[in-house]
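Can you keep this structure in mind? I'll have questions shortly.
Convention: sequence-line order gives letters A, B, ...; per-chain numbering from 1. Just so you know, these numbers use all the heavy atoms, side chains as well, and skip hydrogens, waters and symmetry mates.
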Amino acid sequence: MDELNDQQQQRIKKLDVLRELGVQPYGTRFEATDRAGSLTRLHGEKSKEALEAERVTCRLAGRIVALRRFGKAAFAVLQDGADRLQVYLKKDLLTEQAYKVCEGLDLGDWIGVSGHLFRTKTNELTVEVAELAFLSKALRPLPEKWHGLTDVETRYRQRYVDLIANPQVHAIFAARSKIIAGIRAFLIEKGFLEVETPMMQPIPGGATAKPFVTHHNALGVDLYLRIAPELYLKRLIVGGFPRVFEINRNFRNEGISTIHNPEFTMLEFYVAYADYHDLIALTEELFSRLAREVLGTTTIEYQGKSLNLASPWRRWSYRQAILEVNKLNERVLTDRAAALAAAKQLGIEVEDKAAHVDILNEIFEETVEPQLIQPTFITDYPIEISPLARRKDSDPSLTDRFELYIAGREIANAFSELNDPLDQRQRFEAQDAQREAGDEEAHYLDEDFLRALEHGMPPTAGEGIGIDRLVMLFTNQASIRDVILFPQLRPEK
RNA sequence: GAGCCGGUAGCUCAGUCGGUAGAGCAUCGCCCUUUUAAGGCGAGGGCCCUGGGUUCGAGUCCCAGCCGGCUCACCA
């Protein structure tokens with residue numbers, strides 16, 4: 001413990017005062033049959049007279065977050081989850097011991113009370129306490145009652161204090177839970193099986209990213225924290241599960257920013273016999289349903305922008321979007337020199353030796369992405385940047401793939417899966433060549449995954465949705481750290 | 001990794017030109033049995049992020065570092 005300040009010392013002294021009164025400062029169970037929220041819902045509208053007549057008794061517990069004393073009586077506000085309820089502690093109504101406990105109460109202490117509901121002179125629903133149980137002593141003071149805790153670093157490092165002091169933070173994580181529960185219910189209703197696949201993988205696959213490495217002592221091998229579950233979920237499709245999903249953490253050893261945390265939560269799901277068009281429909285249905293369930297509307301506010309999640313959403317091919325946004329001639333799609341010239345004209349920095357596909361992608365990211373505010377499916381990505389996606393039958397240089405953009409940000413990535421083992425081997429080999437050429441993030445060749453495909457994978461469509469960014473969108477948060485309970489920070493001191 | 005901004009009491013923040021460290025809330029004492037940012041009177045509480053430097057004198061100026069935020073780069 002740090003050196004104690006005067007407030008902490010005062011509180012430690014009170015532990016002995018409680019013990020002398022025969023009260024355990026760290027007690028045991030208390031049967032809270034009521035919750036502040038449900039009491040308010042059930043009785044919050046009733047008049048003073050109706051409450052007096054009914055004489056509703058209740059029993060609840062919570063943390064004291066406000067305390068106003070008046071000589072021989074006091075009002076305390078109990079925080080119970082996301083809700084608060086005032087309680088009235090009056091000397092006349094309490095035992096001598098209970099009243100002495102009251103005199104030593106501090107902000108932050110946990111108590112349990114029972115009594116009956118009434119309305120005060122100022123018409124606030126309040127519990128008149130008949131019995132008081134002391135549950136737990138807080139030895140540190142709470143943040144200031146009016147401004148709460150605003151220091152961002154303390155909010156992230158000591159999320160417990162943030163949650164006590166800032167009720168709106170509570171609401172964000174309640175919404176996160178509701179979103180994830182909604183996704184589960186939706187997919188299970190559609191016949192999906194929820195599975196768990198390895199977080200520690202001998203070959204990190206399914207995405208292009210730098211992995212974390214760890215070591216297993218008994219096996220004497222290095223293992224990678226997964227960057228994606230994709231290749232394992234496809235193995236399960238080979239094994240005969242026609243619909244699977246996983247909601248779990250991915251780990252990427254890359255920068256930290258307002259939209260990147262080293263560990264983040266990903267939903268991936270795979271549907272046998274389907275293609276990416278089916279996933280477009282499924283995605284629209286999922287999002288509009290989530291919005292209605294969680295927010296009660298399909299029109300959402302995000303950082304000052306109004307977003308309409310009601311389907312259908314815009315579909316726009318990757319190449320068409322590049323041409324239309326920049327009013328470019330189709331020649332840039334086939335002529336590398338023309339693409340390079342166009343990029344330079346648009347003021348986009350591109351290395352002179354950059355590949356054609358990378359030049360176009362640079363143009364896309366710089367000029368198209370920021371415009372994709374309303375939900376938009378960008379379709380038909382080039383094959384070079386889609387190593388696991390199926391080729392388009394109509395154009396083998398493209399893939400049956402889409403990315404969903406909302407508020408200028410990529411929210412989902414989906415494609416008809418490549419199930420041709422020979423084509424997949426060639427794509428892996430192309431990625432290997434890029435690795436040889438110095439691309440640290442090229443996809444690794446996974447021999448066992450190829451063996452699985454050689455056993456035959458049915459036509460399958462698969463999709464990944466970044467849950468943290470989805471929660472940001474639904475809760476109107478600008479930073480990913482505000483939707484992750486314990487975001488990654490440098491260790492203290 | 002680079003640029004900009006910040007770090008002062010438990011919390012939220014002031015601190016002028018370099019001259020004895022301030023407020024509100026919280027805490028402690030006294031008064032107060034319907035308050036709600038309760039009120040009244042009184043009191044205590046500081047590693048001014050750390051380490052150097054300049055100066056008679058540094059919270060303040062300079063240098064280096066630590067931690068955080070934002071922007072950019074990489075990325076989902």
Side-chain angles (χ1 to χ4, degrees), chain A residues 2-11 13-14 48 65-77 84-94 99 102 104 106-108 118-126 128 138-158 161-162 164-166 206-210 227-228 249-268 349 365 369 403-405 409-413 439-441 464-470 472 478-482 487-493:
Chain A
D2 320 328
E3 223 166 298
L4 298 181
N5 65 42
D6 59 331
Q7 302 199 42
Q8 291 171 303
Q9 286 172 10
Q10 290 290 348
R11 288 174 181 229
K13 274 189 221 153
K14 287 181 179 177
K48 194 167 189 157
V65 292
L67 191 56
R68 296 178 282 275
R69 295 178 192 279
F70 293 86
K72 298 179 184 63
F75 288 95
V77 177
R84 294 179 168 200
L85 189 63
Q86 180 172 262
V87 305
Y88 184 45
L89 300 153
K90 189 156 71 156
K91 188 175 185 184
D92 303 347
L93 296 173
L94 296 167
Y99 184 67
C102 277
D106 282 308
L107 289 173
F118 76 109
R119 279 191 185 282
T120 63
K121 277 182 185 165
T122 52
N123 216 33
E124 178 157 346
L125 187 69
T126 302
E128 188 175 73
L139 298 181
R140 291 174 183 263
L142 288 179
E144 205 235 3
K145 62 186 169 189
W146 192 242
H147 299 93
L149 179 67
T150 62
D151 180 77
V152 185
E153 185 175 352
T154 311
R155 287 189 47 229
Y156 296 151
R157 286 197 196 281
Q158 302 179 34
V161 181
D162 187 30
I164 296 165
N166 299 317
T208 53
K210 291 190 204 93
I227 54 176
R249 228 63 68 77
N250 288 348
F251 306 85
R252 299 192 184 174
N253 205 341
E254 289 163 357
I256 294 180
S257 78
T258 49
I259 51 170
H260 298 91
N261 195 61
E263 54 179 306
F264 61 102
T265 302
M266 191 77 169
L267 161 68
E268 284 202 14
E349 277 186 42
E365 287 175 5
E369 275 190 11
E403 289 200 355
L404 167 63
Y405 283 86
R409 208 173 274 164
E410 185 193 332
I411 299 291
N413 178 23
D439 182 356
E440 261 188 277
E441 296 188 358
I465 298 177
I467 297 298
D468 310 281
R469 291 184 182 179
L470 178 65
M472 286 169 71
S479 170
I480 200 168
R481 294 181 204 102
D482 289 317
Q488 202 56 241
L489 299 177
R490 269 201 177 77
E492 255 180 297
K493 299 266 155 83

Between B:G1 and B:C61 - P atom distance, rounded Å: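 So the two P atoms sit 27 Å from each other.
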Distance test, side-chain N/O of A:Arg69 to OP1/OP2 of B:A38, below 4.0 Å: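 Answer is no, no contact under 4.0 Å.
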Parallel, tilted or perpendicular, as decided by the 30° and 60° cut-offs, for the rings of A:Phe70 and A:Phe75: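 A:Phe75 vs A:Phe70 ring planes: perpendicular.
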Taking every non-hydrogen atom, the tightest pair across A:Arg490 and A:Arg157: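 What the structure gives for the nearest pair is O-NH1, 2.7 Å.
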Distance-only donor-acceptor test (3.5 Å): side chain A:Asp6, base B:G44: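 Per atom types, the contact qualifies.
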Sugar-phosphate only, base, or nothing, as touched by A:Thr258 at under 4.0 Å among non-hydrogen atoms: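 Touches sugar-phosphate only.
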Out of B:U34, B:G68, B:A76, whichever nucleotide has its closest atom nearest the side chain of A:Thr120: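 In terms of side-chain proximity for A:Thr120, the closest of B:U34, B:G68, B:A76 is B:U34.
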Nearest heavy-atom neighbours spanning A:Pro141 and A:Arg11: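 Scanning both residues, the minimum pair turns out to be CA-NH2, 3.9 Å.
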Options B:C11, B:U35, B:G68, nucleotide nearest the side-chain atoms of A:Arg157: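 Nucleotide nearest to A:Arg157's side chain: B:G68.
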Sugar-phosphate only, base, or nothing, as touched by A:Gly148 at under 4.0 Å among non-hydrogen atoms: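 Touches sugar-phosphate only.
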C1' atoms of B:U60 and B:G53, separation to the nearest Å: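 Their C1' atoms lie roughly 15 Å apart.
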Identity of whatever pairs with B:G45 - Watson-Crick or G-U, under 3.5 angstrom: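 In the structure as shown, B:G45 has no Watson-Crick or wobble partner.
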Interatomic distance at P, B:C72 relative to B:U55, whole Å: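 B:C72 and B:U55 have their P atoms separated by 43 Å.
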A:Arg140 side-chain N/O to B:G10 phosphate OP1/OP2 under 4.0 Å: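 So the side chain of A:Arg140 is outside the cut-off, no N or O lying under 4.0 Å from OP1 or OP2 of B:G10.
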Sugar-phosphate only, base, or nothing, as touched by A:Asn250 at under 4.0 Å among non-hydrogen atoms: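 If one applies the 4.0 Å heavy-atom cut-off, A:Asn250 turns out to touch nothing in the nucleic acid.
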Aromatic-base stack, A:Phe264 on B:A76, cutoff 5.5 Å, angle under 30: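 Per 5.5 Å and 30° rule: yes, stacked.
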Along RNA chain B (nearest heavy atom to each residue), the more 5'-positioned of A:Gln10 and A:Thr208: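 Checking each residue's closest nucleotide, the 5'-ward one belongs to A:Gln10.
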Sugar-phosphate only, base, or nothing, as touched by A:Asn253 at under 4.0 Å among non-hydrogen atoms: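 Result for A:Asn253 = nothing.
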Separation between the P atoms of B:G24 and B:C67, rounded to whole Å: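 Approximately 36 Å lies between the P atom of B:G24 and that of B:C67.
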Counter-base of B:U50, judged by Watson-Crick or G-U geometry with both distances under 3.5 Å: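 Partner of B:U50: B:A64.
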N/O (side chain, A:Lys14) to phosphate O (OP1/OP2, B:C28) under 4.0 Å: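 Checking B:C28 against A:Lys14, a side-chain N or O does come within under 4.0 Å of OP1 or OP2.
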Strand partner of B:A37, provided both Watson-Crick or wobble distances fall under 3.5 Å: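 The answer is none; no pair meets the criterion.
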Inter-nucleotide C1' distance (B:U34, B:A38), Å rounded: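 Nearest-Å result for B:U34 against B:A38 at atom C1': 11 Å.
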Exercise: identify the closest heavy-atom pair between A:Gly108 and A:Leu142: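 Taking A:Gly108 first and A:Leu142 second, the nearest heavy atoms are N-CD1, 3.8 Å.
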B:A38 OP1/OP2 closer than 4.0 Å to side-chain N/O of A:Arg68: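 For B:A38, OP1/OP2 do have a side-chain N/O of A:Arg68 under 4.0 Å.
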Sugar-phosphate only, base, or nothing, as touched by A:Leu489 at under 4.0 Å among non-hydrogen atoms: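 Sugar-phosphate, backbone atoms only, no base.
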Gap separating the CG atom of A:Leu67 from the CG atom of A:Leu107, nearest 0.5 angstrom: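 A:Leu67 atom CG to A:Leu107 atom CG measures 5.5 Å (nearest 0.5 Å).
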Base B:U35 paired with A:Gln86 side chain (donor-acceptor, <3.5 Å):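 In this structure, the two groups form a donor-acceptor pair.
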Polar pair under 3.5 Å, donor/acceptor by atom type, side chain A:Glu410, base B:A76: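 No such pair is found, so the answer is no.
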Nearest-0.5 Å distance that lies between atom OG1 in A:Thr126 and atom NZ in A:Lys121: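 If we round to the nearest 0.5 Å, A:Thr126:OG1 and A:Lys121:NZ are 13.0 Å apart.
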Any side-chain heavy-atom pair of A:Arg155 and A:Asp482 under 4.5 Å: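 Yes, close enough: below the 4.5 Å cut-off.
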Pair assignment for B:C25, Watson-Crick or G-U wobble, requiring both distances under 3.5 Å: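 Its partner is B:G10 (Watson-Crick or G-U wobble, both distances under 3.5 Å).
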Watson-Crick or G-U wobble partner of B:G3, both distances under 3.5 Å: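 Paired with B:C70.
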Inter-nucleotide C1' distance (B:G39, B:C25), Å rounded: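 Each nucleotide's C1' atom is 15 Å from the other's.
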Polar side chain donor-acceptor pair, A:Tyr88 to A:Gln86, under 3.5 angstrom: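 Distance-only check fails for A:Tyr88 and A:Gln86.
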Nearest-Å distance once atom P is located in both B:G29 and B:C56: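 Roughly 48 Å separates the two P atoms.
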Phosphate-side-chain proximity, A:Thr150 and B:C13, N/O vs OP1/OP2 below 4.0 Å: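 For B:C13, OP1 or OP2 has a side-chain N or O of A:Thr150 closer than 4.0 Å.
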Per-pair stack call A:Phe70 and B:U33, 5.5 Å, 30°: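 Not stacked: fails the 5.5 Å / 30° test.
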B:C11 to B:C74 separation - P atoms, rounded to the nearest Å: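 Those two atoms are separated by 38 Å.
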Sugar-phosphate, base or nothing in reach of A:Arg469, heavy atoms under 4.0 Å: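 Base contact - A:Arg469 has a heavy atom under 4.0 Å of at least one base atom.
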Short side-chain N/O contact to B:C11 OP1/OP2 from A:Lys145, under 4.0 Å: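 False: A:Lys145 side-chain N/O out of range (4.0 Å or more) of B:C11 OP1/OP2.
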Given RNA chain B, 5'-ward residue of the pair A:Ile411 and A:Lys91, judged by closest heavy atom: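 Comparing both residues, the 5'-ward one is A:Lys91.
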N/O (side chain, A:Arg481) to phosphate O (OP1/OP2, B:G69) under 4.0 Å: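 A:Arg481 to B:G69 OP1/OP2: side-chain N or O found under 4.0 Å.
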Shortest side-chain distance from A:Tyr88, nucleotide among B:U34, B:C67, B:G69: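 In terms of side-chain proximity for A:Tyr88, the closest of B:U34, B:C67, B:G69 is B:U34.
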